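One structure is given below, encoded as structure tokens.
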Amino acid sequence: AAGFTERFASCGLPPTAFSPCYGLAEATLVVSMKSPGVTWRSIRVERSSLATLDRVHQVEPAPGPPMPHQVDVVALGPVVDGLDLAVVDESGEVVDEPLVCGEIVLTGPSVAAGYVDGGGAVQPFGEAGLRTGDLGFVEGGELFVVERLKDIVIRNGQNYSVHVFEQTLARQAGARIEDVVVLDADVDRADELVGIVAVRDDVDTEPIAAAVRAGREEYELPLDVLVVVR
């Protein structure tokens with residue numbers, strides 16, 4: 001969004017034209033959003049702290065893009081009137097501290113009663129509310145969403161973000177994020193972390209492998225297997 005608004009500012013596009021928000025069908029779309037005319041913001045955090053989905057370590061932003069070990073996370077606005085949002089830990093306890101990740105749980109009049117099963121009956125979400133499966137944190141009264149619950153890797157009781165692994169792999173491989181995937185998969189054994197990079201036929205794969213090997217220390221969990229596919 002920053003690059004887009006900067007590019008088209010000379011055409012009269014204001015930075016307030018974008019309003020990053022969070023929504024889902026179960027809540028009849030919008031959950032959090034800034035007021036019209038308010039410029040969106042982001043915070044800069046240590047990439048490794050975001051990877052472990054625990055306490056996020058915020059850093060003072062410097063001019064220009066973030067360093068390789070940092071990442072900018074966009075605020076998705078405050079929760080809209082009428083909805084109640086809670087961030088809960090793995091045991092279901094509410095996380096009251098800012099910058100601490102947990103699952104987003106919603107209640108409110110616009111939240112659906114439940115999911116309709118194959119027989120047409122409604123299976124309610126439960127008294128606790130809608131467990132969205134999205135992981136995020138709150139800071140400055142705004143919501144930040146960082147990962148899907150199903151897209152985490154668990155090792156020794158610690159949760160790691162697949163999305164952060166993929167960002168690191170894409171940067172090392174010089175590939176688009178759309179051409180990279182990291183899987184917690186059993187190619188050779190059950191607890192492997194596998195990185196896959198898709199390349200064009202004319203791309204030399206050895207420099208990619210060399211770059212990933214040289215950057216192993218950048219991962220909270222190093223990749224066990226790298227697969228380069230045409």
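Worth knowing before you read on, the calculation uses all heavy atoms, side chains too, and leaves out hydrogens, waters and symmetry mates. Note that the structure is predicted; figures quoted are calculated from it, not measured.
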### Query
Taking only residues two or more places apart in sequence or in another chain, which ones pass side-chain hydrogen bond (donor to acceptor under 3.5 Å, both in side chains) with Ser161?
Glu147

### Message
Applying ring-ring contact (aromatic ring centres under 6.0 Å, His included), can you list everything that pairs with Tyr219, at least two apart in sequence or on another chain?
### Response
none

### Query
Does Phe165 belong to the same Ile/Leu/Val/Met/Phe/Trp/Tyr cluster as Val71, with side-chain heavy atoms less than 4.5 Å apart forming each link?
no

### Query
Can you name the residues that form a side-chain hydrogen bond (donor to acceptor under 3.5 Å, both in side chains) with Arg200, not counting sequence neighbours?
Asp202

### Query
If you look only at pairs with a residue in residues 52-63, which of them pass as a salt bridge (Lys or Arg N to Asp or Glu O under 4.0 Å), with sequence neighbours excluded?
Arg55-Glu97

### Query
Which ILVMFWY residues are connected to Val105, directly or by a chain of links, through side-chain heavy atoms under 4.5 Å apart?
Val88, Val94

#### Entry: Pairwise ring-ring contact (aromatic ring centres under 6.0 Å, His included) hits with a residue in residues 89-131, at least two apart
Tyr115-Phe125

### Task
With sequence neighbours excluded, tell me which residues meet side-chain hydrogen bond (donor to acceptor under 3.5 Å, both in side chains) with Glu127.
none

#### Entry: For Glu139, side-chain hydrogen bond (donor to acceptor under 3.5 Å, both in side chains) partners two or more places apart
Arg41

### Message
If hydrophobic clusters are built by linking Ile, Leu, Val, Met, Phe, Trp and Tyr wherever their side-chain heavy atoms come under 4.5 Å apart, do Leu221 and Val194 end up in the same one?
### Response
no

### Query
Can you pull the salt bridge (Lys or Arg N to Asp or Glu O under 4.0 Å) pairs that have at least one residue in residues 62-89, sequence neighbours excluded?
Arg44-Asp72

### Task
Under the ring-ring contact (aromatic ring centres under 6.0 Å, His included) rule, collect the residues that match up with Phe137, sequence neighbours excluded.
Phe144

#### Entry: Residue pairs passing the ring-ring contact (aromatic ring centres under 6.0 Å, His included) test where at least one lies in residues 43-85, sequence neighbours excluded
none

In a table with atom names and distances, give each donor-acceptor pair under 3.5 Å that connects a side chain of residues 2-18 to protein atoms at least two apart or in another chain.
| unit_1 | atom_1 | unit_2 | atom_2 | d |
| --- | --- | --- | --- | --- |
| Thr5 | OG1 | Ala1 | O | 2.9 |
| Thr5 | OG1 | Ala2 | O | 3.0 |

